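Remember, predicted model here, so these are calculated numbers, not experimental data. The first residue of the sequence shown is numbered 1, and numbering continues consecutively from there.
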Amino acid sequence: MKRIILLLFIIATFFPSCKKAYTCDCTVTEKRTDDATGDVETFVHKNNTSVYSEKMTEAQALSACDHEETGIQSNFDALMTDNGTDPPDPNDVVTTDCKIK
């Protein structure tokens, strides 16, 4: 019995547990509405894919991915409003969606 316990201890000590690497996939969607016709054009861009370290927990990866989504959206908002000097165009809407895989 002692040998089994010792063997289990050695296995647990020297073989690291399997950790999962998380990937954050972000998609940016732009919808443009034509004033004259009311037609809506949609452009979908796979903007960014980031692989996080296997040392991260799932909660840490989710938090990092949420932070990445906020940063990408902020960059597009600044681009669309000339760094806040122009009002946003209601006919040109950009949204960012990031998910962990």
Side-chain angles (χ1 to χ4, degrees):
M1 183 67 166
K2 289 181 183 179
R3 288 182 184 173
I4 293 173
I5 293 173
L6 180 61
L7 180 62
L8 291 174
F9 175 75
I10 291 172
I11 290 172
T13 304
F14 293 106
F15 293 100
S17 62
C18 296
K19 293 251 181 171
K20 182 177 179 182
Y22 296 98
T23 303
C24 179
D25 287 328
C26 297
T27 302
V28 176
T29 305
E30 181 180 4
K31 291 187 179 184
R32 294 182 189 162
T33 305
D34 187 315
D35 282 336
T37 63
D39 292 339
V40 178
E41 287 183 283
T42 302
F43 303 95
V44 178
H45 310 279
K46 279 290 194 183
N47 187 43
N48 195 5
T49 300
S50 299
V51 178
Y52 298 132
S53 167
E54 291 179 355
K55 294 180 182 181
M56 276 189 168
T57 64
E58 184 176 8
Q60 290 170 326
L62 284 170
S63 179
C65 193
D66 288 344
H67 181 73
E68 202 159 333
E69 179 178 317
T70 302
I72 292 169
Q73 184 65 44
S74 178
N75 287 341
F76 274 100
D77 290 345
L79 177 68
M80 301 299 283
T81 62
D82 197 21
N83 289 324
T85 59
D86 293 335
D89 183 354
N91 293 328
D92 200 3
V93 179
V94 176
T95 56
T96 305
D97 183 42
C98 296
K99 302 266 189 246
I100 287 288
K101 292 185 178 181

Please name the pair of heavy atoms, one in [X] and one in [Y], separated by the smallest distance, quoted to 0.1 Å.
| X | Y | answer |
| --- | --- | --- |
| Cys65 | Ile100 | CB-CD1, 3.6 Å |
| Met56 | Tyr22 | O-CE1, 3.8 Å |
| His45 | Phe43 | NE2-CB, 3.7 Å |

[X]: partners by side-chain contact (heavy atoms from CB on, under 4.5 Å), with sequence neighbours left out:
| X | result |
| --- | --- |
| Glu68 | Cys24, Asn48, Ser50, Tyr52, Ile72 |
| Asp97 | Glu69, Lys99 |
| Ser74 | none |

Exercise for the section: Sorted by first residue and then second, give each salt bridge (Lys or Arg N to Asp or Glu O under 4.0 Å) pair with at least one member in residues 26-39; sequence neighbours left out. Expected result: Glu30-Arg32, Arg32-Asp92
Problem - Verify same cluster id: Leu79, Val28 (apolar side-chain graph, 4.5 Å) - result: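 Linked within one cluster.
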Handout entry: Linked, directly or transitively: Phe76 and Val93 (ILVMFWY side chains, under 4.5 Å)
Key = no
Handout entry: NZ on Lys55 to CD on Gln60, rounded to 0.5 Å
Key = 12.0 Å
Handout entry: Spatial distance of atom CG (Asn75) from atom OG1 (Thr96) [nearest 0.5 Å]
Key = 9.0 Å
Exercise for the section: Write out all pairs satisfying disulfide (SG to SG under 2.5 Å) with one or both partners inside residues 72-101, taking only residues at least two apart or from two chains. Expected result: Cys26-Cys98
Practice task
Can you sort out the partners of Glu54 under salt bridge (Lys or Arg N to Asp or Glu O under 4.0 Å), two or more places apart, ordered by chain and number?
Solution key: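 Listed in chain order: nothing, the list is empty.
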